[in-house]
Amino acid sequence: ILAFLFYKYMSDIKQAEVKKLQERYGNDKERIELRLKNARFVLPEGASFYDIYEQQNADNIGELINKALRKIEDANESHLKGIFTVDFNSEAILGQTNQRNKMIRDLITDFNKVDLSDVEGDLLGNAYMYLIERFGSDAGKKAGEFYTPKVLSALLAKLAMPKPGDRICDPACGSGGLLLLAGEEVSSQGSKDYALYGQEKTGATYNLARMNMFLHGQDSARIEWGDTLNNPLLKENDRLMQFDVIVANPPFSLDKWGEKHLENDIYNRFDRGMPPASKGDYAFISHMIATAKPRSGRVAIIVPHGVLFRGSSEGRIREALIRENILDAVIGLPNSLFQTTGIPVAMLVFDKSREQGGANENKKDVLFIDASKEFVPGKNQNTLSDEHINK
């Protein structure tokens with residue numbers, strides 16, 4: 001459905017562009033073609049949703065859609081390569097031919113009723129996020145791989161305090177919602193001057209994030225596909241890129257995160273100590289701090305409570321972070337805010353302006369906030385109101 005929404009959006013935008021150009025230039029095909037080449041994307045002949053609509057009764061409709069989507073990817077290789085990961089001709093995913101064709105025809109009929117070129121502002125992007133949220137609530141534990149509840153993302157984005165001119169990164173970006181909300185924090189200050197960067201390990205989720213950026217008009221966002229801990233791809237001159245603001249909700253206590261391969265990490269991310277093999281929380285924290293700009297960068301991260309008190313190597317890393325004086329705040333949140341787990345979570349805020357030579361080098365306290373009672377109770381899942389977030 002998400003892939004189809006994106007496909008229909010591209011087709012409607014292109015149809016609207018062609019209509020406008022025809023009104024302006026009449027039958028001057030050469031001029032129209034030239035203008036279309038300079039558009040956000042190219043829609044090759046025969047690959048539009050409306051071409052598929054005309055052929056919806058074909059027995060091989062799934063195969064025809066696949067071919068159309070491949071054409072679009074090939075024509076937009078620099079920014080849409082491999083973005084459609086769904087196989088509309090797959091028996092394993094969509095069932096046997098009759099069932100599959102019926103489902104696809106229903107999808108085509110329903111989407112044909114909506115003109116997605118005539119949608120104001122962020123409405124389409126918000127609809128996309130709404131669908132991800134709904135799928136998240138149905139996906140059980142799998143949801144954590146691609147979706148953070150919006151209230152938590154909104155709170156984390158505010159705590160990170162991004163400002164105009166910032167480079168903003170999410171090294172475990174899922175479908176990109178948290179990254180977009182961090183950008184919106186800058187927009188709310190009356191500026192569009194910010195840059196978004198993300199990396200995501202799961203291929204299908206990475207493509208959700210790419211579509212999400214495109215639908216929100218963030219075509220220039222740089223999203224990479226790969227394992228951030230073992231293969232960080234956001235680099236400049238063979239060094240890790242440095243960011244003004246880093247936000248993330250990485251997987252909780254990730255097992256087998258790759259500590260054996262990273263004992264001699266070329267980026268020196270783990271010089272405070274190596275996190276345990278069975279819990280990758282401090283691996284993500286260490287990576288995020290290493291990629292925050294010296295003496296100014298801010299990091300805001302969601303973690304399980306164990307990060308605050310577990311011993312051994314984690315205790316040593318925690319002590320080193322306190323001695324470095326970069327931990328700014330610890331916020332304990334209510335339990336059951338995620339659909340994937342009932343455990344209570346915390347948010348950590350690190351501020352590198354507290355380093356020697358930074359604007360806040362004389363600040364030595366750590367602010368602890370117990371917000372565990374600040375929530376709106378729900379049957380299966382608790383949530384936060386705007387009042388809670390603002391407080």
Side-chain angles (χ1 to χ4, degrees), residues 152-173 178-198 221-222 228 232 234-237 239-250 267-273 281-282 284-303 307-308 317-333 346-371 389-391:
L152 282 175
S153 294
L155 174 57
L156 199 71
K158 286 181 189 299
L159 292 168
M161 290 162 55
K163 58 189 187 306
D166 277 358
R167 270 183 173 184
I168 304 167
C169 177
D170 183 342
C173 71
L178 173 52
L179 204 46
L180 287 163
L181 282 171
E184 282 176 26
E185 282 300 305
V186 181
S187 299
S188 70
Q189 298 166 49
S191 173
K192 294 285 184 190
D193 179 19
Y194 60 88
L196 300 181
Y197 298 82
R222 180 177 164 191
T228 285
L234 294 167
K235 294 188 288 191
E236 282 175 322
N237 305 320
R239 293 182 180 179
L240 295 174
M241 279 181 89
Q242 302 288 288
F243 302 98
D244 300 285
V245 165
I246 305 169
V247 289
N249 171 31
Y267 305 110
N268 301 317
R269 290 171 292 176
F270 309 110
D271 49 5
R272 296 176 197 88
D281 302 306
Y282 273 103
F284 283 103
I285 291 169
S286 300
H287 171 84
M288 290 168 75
I289 291 169
T291 55
K293 284 184 179 174
R295 295 177 296 284
S296 67
R298 283 175 70 81
V299 171
I301 179 172
I302 303 175
V303 294
V307 162
L308 306 180
I317 296 167
R318 192 163 56 244
E319 184 180 344
L321 290 168
I322 299 296
R323 291 193 185 281
E324 282 173 46
N325 190 41
I326 56 174
L327 180 62
D328 203 35
V330 176
I331 300 162
L333 292 166
M347 288 182 176
L348 304 182
V349 180
F350 295 93
D351 184 356
K352 280 198 163 180
S353 75
R354 295 168 55 127
E355 289 178 324
Q356 205 168 351
N360 291 306
E361 66 175 329
N362 295 323
K363 201 174 169 187
K364 302 296 179 191
D365 62 328
V366 178
L367 175 65
F368 275 76
I369 300 173
D370 177 7
I389 291 170
N390 292 332
K391 184 177 176 183

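Remember, it's a predicted structure, so these values are computed and weren't measured experimentally.
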When rounded to the nearest 0.5 angstrom, what is the spacing between [atom1] in [X] and [atom2] in [Y]?
| X | Y | atom1 | atom2 | result |
| --- | --- | --- | --- | --- |
| S187 | Y194 | OG | OH | 3.5 Å |
| S153 | L180 | OG | CG | 10.0 Å |
| N325 | Q356 | CG | CD | 10.0 Å |
| N360 | D328 | CG | CG | 7.5 Å |
| I331 | L156 | CD1 | CG | 8.5 Å |
| S353 | K363 | OG | NZ | 7.0 Å |

Report task. Go through the steps for L152 and N249 under the test side chain to side chain contact (heavy atoms under 4.5 Å, CB included), then give the verdict. Result -> CA-CA 9 Å; L152 282 175; N249 171 31; over 6 Å; no
**Report entry** Contacts of type side-chain contact (heavy atoms from CB on, under 4.5 Å), residue K163, not counting sequence neighbours
**Finding:**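 Listed in chain order: D166, Q189.
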Query raised in the report: Between R354 and E361, is there a side-chain N and carboxylate O pair less than 4.0 Å apart?
Result: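 Salt bridge absent between R354 and E361.
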Report task. May I ask you to say whether R167 pairs ionically with E236, meaning some side-chain N is under 4.0 Å from a carboxylate O? Result ->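 A salt bridge is present here (some side-chain N lies under 4.0 Å from a carboxylate O).
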Using a cut-off of 6.0 Å, state whether more than 12 heavy atoms not belonging to [X] lie near its atom [atom1].
| X | atom1 | value |
| --- | --- | --- |
| K293 | NZ | yes |
| R222 | CZ | yes |
| M161 | CE | no |

Requested in this report: Using the test salt bridge (Lys or Arg N to Asp or Glu O under 4.0 Å), find all partners of D351 that sit at least two apart in sequence or belong to another chain.
Outcome: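 Testing D351 for salt bridge (Lys or Arg N to Asp or Glu O under 4.0 Å), a comparison that skips the adjacent residues, returns R298.
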Minimum heavy-atom distance between [X] and [Y], given as atom pair plus value:
| X | Y | result |
| --- | --- | --- |
| L234 | C169 | CD1-SG, 3.7 Å |
| G165 | D244 | O-OD2, 4.0 Å |
| A300 | M288 | O-CE, 3.9 Å |
| R318 | Y282 | CD-OH, 3.5 Å |
| V245 | P162 | CG2-CA, 3.8 Å |
| G273 | I317 | O-CD1, 3.5 Å |

Do [X] and [Y] come within less than 4.5 Å of each other through their side chains, counting heavy atoms only?
| X | Y | result |
| --- | --- | --- |
| P232 | R269 | yes |
| L367 | V330 | no |
| L348 | I285 | yes |

Query raised in the report: Where the side chain of E184 meets the backbone of A154, is there a donor-acceptor pair that is under 3.5 Å apart?
Result: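 Here the side-chain-to-backbone pair does not exist.
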Query raised in the report: Out of K364, R272, K352, which residue meets the salt bridge (charged side-chain N to carboxylate O under 4.0 Å, His left out) rule with E324?
Result: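 Looking at K364, R272, K352, the match for E324 under the salt bridge (charged side-chain N to carboxylate O under 4.0 Å, His left out) is R272.
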Query - Residues L327, L321; criterion side chain to side chain contact (heavy atoms under 4.5 Å, CB included); working and verdict - result: CA-CA 7 Å; L327 180 62; L321 290 168; 5.5 Å; no
Report task. Have a look at D170 and tell me which of T228, I246, L179, L196 forms a side chain to side chain contact (heavy atoms under 4.5 Å, CB included) with it. Result ->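 So, applying the side chain to side chain contact (heavy atoms under 4.5 Å, CB included) to D170 and each of T228, I246, L179, L196, only L179 qualifies.
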Query raised in the report: side chain to side chain contact (heavy atoms under 4.5 Å, CB included) between I301 and V247: does it pass, once the steps are laid out?
Result: CA-CA 6 Å; I301 179 172; V247 289; over 6 Å; no
